[in-house]
Amino acid sequence: MKNVVIFGAPGSGKGTQSENIIKKYGYAHFSTGDILRKQIADQTELGKIAKTFIDEGKLVTDELIINMLDAELDSAKDAKGVIFDGFPRTYAQAEALKKMLNKRGTDVAVMLNIHVDEAELIKRLLERGKTSGRSDDNLETITKRIKTYNEQTTPVIDFYKKEGTCVDIQGVGSIDDIFASISKAIDAAKDL
Ligand code: B4P
């Protein structure tokens, strides 16, 4: 099994490239953002709590996110691979993911660290905001999300550097060219 973490700032193309990985490799996909948005649409208790964080450009608490993912993970036990999209977003989540996978006899094979400059992130998210209907795709919240990423999420890079599984991906350019680099990194990663 190959567990792939797709990592980057908001708007770096995690969701976009995850779709390409699913098409080519047929991996299972866990997007914590998508799971939370579904909870919000269904007006569950978790959704109501999550919305207050998301609308402020903040991260939902580690405890909620980790329990939510741990509960979903067994559904992928027979998959050839799993994509973790938007998770981990804190150092504590990275440690929790390692524990969750280790207790299932596996680990992260590769962490794809997608690099996109801030001006390009803002441009993409404002563009997406015209049609996405997402309450967090407006300039004020986008600015807060990028700040949250810089302060709370970037330490995750060190975690995977120490693990020896971080691969840097240039995330500006055509979606196909970026996907070619991603495919190369996935193909080179060991099955665990
Ligand atoms: P997410 O849903 O994970 O969203 P994201 O970071 O905004 O987007 P992504 O990087 O996937 O961008 P996309 O491919 O769509 O998170 C939303 C919120 O949920 C978070 O802010 C947080 O509050 C909460 N949350 C989620 N996970 C959490 C966790 N683990 N812990 C705590 N809280 C959590 O790309 C964006 C746009 O760019 C698209 O319109 C796309 O078409 C375009 N694009 C992509 N690649 C391009 C390219 N190469 N060139 C030009 N445009 C491109």
Side-chain angles (χ1 to χ4, degrees), residues 4-23 29-41 46-73 83-98 100 108 111-156 159 169-182:
V4 176
V5 169
I6 186 154
F7 181 90
S12 55
K14 301 183 294 288
T16 305
Q17 296 297 344
S18 289
E19 283 175 27
N20 285 333
I21 299 172
I22 295 163
K23 265 189 229 143
H29 178 221
F30 292 109
S31 158
T32 41
D34 287 351
I35 300 170
L36 292 170
R37 280 185 288 279
K38 174 147 194 328
Q39 297 276 344
I40 293 170
L46 171 58
K48 283 178 200 158
I49 299 167
K51 188 167 173 18
T52 62
F53 289 98
I54 291 174
D55 287 354
E56 279 297 308
K58 292 183 183 155
L59 295 179
V60 177
T61 62
D62 285 339
E63 199 192 352
L64 274 183
I65 292 283
I66 291 163
N67 290 338
M68 179 180 93
L69 194 67
D70 201 18
E72 300 246 348
L73 208 54
I83 311 162
F84 294 94
D85 166 5
F87 180 92
R89 259 181 160 93
T90 62
Y91 202 89
Q93 290 182 17
E95 290 176 323
L97 178 60
K98 188 168 176 70
M100 272 183 231
V108 169
M111 182 269 214
L112 305 163
N113 182 19
I114 306 178
H115 294 263
V116 175
D117 60 87
E118 200 165 311
E120 173 72 13
L121 295 173
I122 294 173
K123 193 175 114 197
R124 286 184 191 178
L125 292 173
L126 285 176
E127 192 56 39
R128 184 174 72 184
K130 290 180 189 165
T131 53
S132 67
R134 277 177 56 165
S135 57
D136 57 348
D137 279 347
N138 60 75
L139 187 57
E140 194 189 341
T141 313
I142 291 167
T143 309
K144 287 184 191 160
R145 287 159 67 195
I146 293 174
K147 187 167 179 280
T148 302
Y149 170 80
N150 288 330
E151 290 174 359
Q152 288 176 259
T153 305
T154 50
V156 170
F159 181 91
I169 303 286
Q170 162 59 261
V172 180
S174 84
I175 290 172
D176 287 348
D177 286 348
I178 298 163
F179 184 58
S181 318
I182 286 178

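FYI, the numbering just counts along the sequence from 1. Order of appearance sets the numbers: ligands from 1, and atoms from 1 within every ligand.
In terms of polar-atom proximity, Thr32 is counted as a contact of ligand 1, with an N or O under 3.5 Å from an N or O of the ligand. Not one N or O of Asp34 is nearer than 3.5 Å to an N or O of ligand 1, by distance alone. Considering backbone and side-chain N/O of Ile54, none are found under 3.5 Å from N/O of ligand 1. Residue Asp85 has no nitrogen or oxygen atom sitting less than 3.5 Å from a nitrogen or oxygen atom of ligand 1, judged on distance alone. Between Arg37 and ligand 1, an N or O atom pair is found at a separation short of 3.5 Å. Residue Leu125 places no N or O, backbone or side chain, under 3.5 Å from any N or O of ligand 1.
Between Leu59 and Phe53, the closest heavy-atom pair is O-CD2, 3.3 Å. Of all heavy-atom pairs spanning Asn138 and Leu126, the tightest one is C-CD2, 4.4 Å. The shortest heavy-atom contact between Phe30 and Glu72 is CZ-O, 3.5 Å. Heavy-atom minimum distance, Pro88 versus Ala94: CB-N, 3.3 Å. Shown here for Thr148 and Lys58, the closest heavy-atom pair between the two residues is OG1-CA, 4.3 Å.
The residue from Arg128, Arg134, Lys14 that puts a heavy atom closest to atom 17 (C) of ligand 1 is Arg134. Residue Arg89 holds the heavy atom nearest to atom 26 (C) of ligand 1 of all those in Glu56, Gln17, Arg89. Heavy-atom proximity to atom 32 (C) of ligand 1, evaluated over Ile175, Val60, Thr16, is greatest for Val60. Distances from atom 21 (O) of ligand 1 to the heavy atoms of Lys123, Arg145, Lys51, Glu19 show the closest one on Arg145. Comparing Arg124, Lys144, Met68, Lys130 against atom 37 (C) of ligand 1, the shortest heavy-atom distance belongs to Arg124.
Atom CZ of Arg37 and atom OG1 of Thr32 lie 8.5 Å apart (nearest 0.5 Å).
At a heavy-atom distance under 4.0 Å, only side-chain atoms of Ile178, from C-beta outward, approach ligand 1. Contact annotation: for Leu36 versus ligand 1, heavy atoms closer than 4.0 Å belong to the side chain alone.
Taking every non-hydrogen atom of Gly15 and a distance limit under 4.0 Å, the qualifying atoms of ligand 1 come out as 9 (P), 11 (O), 14 (O). Close approach to Gln93 involves these atoms of ligand 1, each under 4.0 Å from a residue heavy atom: 29 (C), 30 (N), 31 (N), 32 (C). Which parts of ligand 1 touch Ser12 is read off a 4.0 Å heavy-atom cut-off, strictly below it: atoms 10 (O).
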Legend entry - Lys123 vs Glu120, side chain to side chain contact (heavy atoms under 4.5 Å, CB included): CA-CA, chis, key distance, verdict: CA-CA 5 Å; Lys123 193 175 114 197; Glu120 173 72 13; 3.6 Å; yes

Legend entry - Verdict with supporting geometry, Thr141 and Asp55, side chain to side chain contact (heavy atoms under 4.5 Å, CB included): CA-CA 7 Å; Thr141 313; Asp55 287 354; 6.0 Å; no

Inset, instruction - Show your working on side chain to side chain contact (heavy atoms under 4.5 Å, CB included) between Leu121 and Ile142 and close with a plain yes or no. - result: CA-CA 9 Å; Leu121 295 173; Ile142 291 167; over 6 Å; no

Inset, instruction - I would like to know whether Leu112 and Gln17 meet side chain to side chain contact (heavy atoms under 4.5 Å, CB included); could you show each step before the answer? - result: CA-CA 11 Å; Leu112 305 163; Gln17 296 297 344; over 6 Å; no

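Atom 18 (C) of ligand 1 has its closest protein heavy atom at Asp136 OD2, 4.1 Å.
Looking at Thr154 and Tyr149, their side chains come closer than 4.5 Å, going by heavy atoms from C-beta outward. The side-chain heavy atoms of Ile21 and His29, taken from C-beta on, include no pair separated by under 4.5 Å.
A heavy-atom separation below 4.0 Å is found between Gly11 and ligand 1. Heavy-atom separations between Gly173 and ligand 1 include at least one value shorter than 4.0 Å. Using a 4.0 Å cutoff on heavy atoms, Ala9 counts as a contact of ligand 1. Remark: distances from the non-hydrogen atoms of Lys58 to ligand 1 include one below 4.0 Å.
Just one of Lys144, Arg128, Arg145 meets the salt bridge (charged side-chain N to carboxylate O under 4.0 Å, His left out) condition when paired with Asp136; it is Arg145.
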